[in-house]
Amino acid sequence: MKANVETCLGLFEVTFSSKGLVSVVFPNGENERMLPNDLEFPSKEDFELWLGITSRALRNFMEGIEPSELPPFDLSLGTPFQQEVWNKLLEIQWGEVWTYARLGRELGKPNGARAAGSACGANPIPVLIPCHRVLSSSGGLCGFTAGLPWKQRLLELEGAWLPLKSASAA
DNA sequence: GCGGTAAATTATG
DNA sequence: CATAATTTACCGC
């Protein structure tokens, strides 16, 4: 069940299942990914409700405003570890920036930064699940499924510039 | 400080 | 089992 959400940065494509939001695709379609075909469709009521919430949240993001409400997520397509990571990402406060090392450590994997990054890369719901707030330990952006420019732009939007080199702006 | 190589963790073929 | 993914640590320059 797909739908489009228009923001000032472009048209996002969102997908819902009977459990909630399944994926968000950037306007450039960079992070398009394989979704299971056996997803159950949501009821018309839920779909319209979630779409409204998602639409509002997405547009808030694009304007640098913290969304007051988020739709339910259907994380059933991820592995337990990935769900743990994504859930952790949701705990990152607006404008706060973490590192993969810290993320891994919070998950009980002190050396699992790579694994955490891998799970982030598998994140089907960018922006709403703030995978863009996670940087490398050296202050670099490292990478982003939908392209580094998006990651950088999202961080800029919420006023969370690189913590280690914020003085080098301009 | 920068670039290359080795190591660590989870997911996927 | 081997390879890949949004990394980190170490070594030499």
Side-chain angles (χ1 to χ4, degrees), chain A residues 5 7 9-15 17 19-39 54 57-58 60-62 64 66-67 70-71 73-170:
Chain A
V5 174
T7 74
L9 290 183
L11 201 62
F12 284 71
E13 185 180 275
V14 296
T15 305
S17 76
K19 295 175 191 164
L21 182 62
V22 178
S23 78
V24 172
V25 180
F26 279 91
N28 58 10
E30 282 297 328
N31 66 323
E32 183 82 65
R33 78 174 56 253
M34 281 288 289
L35 292 175
N37 291 320
D38 53 352
L39 284 177
T54 303
L58 227 38
N60 281 340
F61 255 100
M62 298 310 135
E66 181 174 5
L70 293 176
F73 299 124
D74 180 4
L75 271 31
S76 60
L77 59 118
T79 65
F81 177 73
Q82 289 172 340
Q83 292 179 28
E84 205 173 343
V85 172
W86 301 339
N87 199 56
K88 206 59 162 184
L89 289 172
L90 292 175
E91 292 180 16
I92 302 179
Q93 293 171 35
W94 181 263
E96 185 177 0
V97 176
W98 282 30
T99 63
Y100 294 101
R102 177 177 174 183
L103 188 58
R105 190 157 47 74
E106 292 285 327
L107 291 170
K109 275 78 172 127
N111 296 325
R114 197 84 220 276
S118 185
C120 291
N123 170 23
I125 314 177
V127 187
L128 295 187
I129 290 183
C131 47
H132 57 275
R133 289 181 198 150
V134 187
L135 313 175
S136 76
S137 291
S138 50
L141 294 172
C142 276
F144 194 58
T145 304
L148 254 37
W150 271 110
K151 183 171 188 174
Q152 196 173 57
R153 184 170 305 175
L154 290 168
L155 288 171
E156 243 177 278
L157 283 172
E158 56 187 77
W161 199 233
L162 309 189
L164 301 181
K165 46 192 304 186
S166 53
S168 64

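Naming convention: chains lettered A, B, ... in sequence-line order (proteins, then strands); numbering from 1 in each chain. Everything numeric in this text was worked out from a predicted model, so none of it was measured.
Below 30°, between 30° and 60°, or above 60°: for A/W150 and A/F26 the angle between ring planes is between 30° and 60°, a tilted geometry.
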Using atom types as modelled, flag every donor-acceptor pair under 3.5 Å from a side chain in residues 108-127 of chain A to any protein atom, sequence neighbours excluded.
unit_1 : atom_1 : unit_2 : atom_2 : d
A/N123 : OD1    : A/I125 : N      : 2.8
A/N123 : ND2    : A/I125 : O      : 3.3
A/N123 : ND2    : A/I129 : O      : 3.3

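Every residue two or more places apart in sequence or in another chain was checked for a side-chain hydrogen bond (donor to acceptor under 3.5 Å, both in side chains) with A/R102, and none qualifies. A/F61 is linked by a ring-ring contact (aromatic ring centres under 6.0 Å, His included) to A/W94, counting only residues two or more places apart in sequence or in another chain. For the side-chain hydrogen bond (donor to acceptor under 3.5 Å, both in side chains) test, no residue two or more places apart in sequence or in another chain qualifies with A/W86. Applying the side-chain hydrogen bond (donor to acceptor under 3.5 Å, both in side chains) rule to A/K88 yields no partners; only residues at least two apart in sequence or on another chain are considered. Applying the side-chain hydrogen bond (donor to acceptor under 3.5 Å, both in side chains) test to A/D74 and every residue at least two apart in sequence or in another chain returns A/S17, A/S76.
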For nucleotides 8-13 of chain B, 5' to 3', base contacts (B), sugar-phosphate-only contacts (S) and non-contacts (-) with protein non-hydrogen atoms under 4.0 Å give BBSSS-
Its dot-bracket string being built from Watson-Crick and G-U pairs below 3.5 Å, with | for another strand and [ ] for crossing, DNA chain B has the pattern |||||||.|||||
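Residue pairs meeting the salt bridge (Lys or Arg N to Asp or Glu O under 4.0 Å) criterion with at least one partner in residues 126-135 of chain A, sequence neighbours excluded, are A/R133-A/E158.
Between A/R102 atom CZ and C/dT7 atom P the separation is 19 Å, expressed in whole Å.
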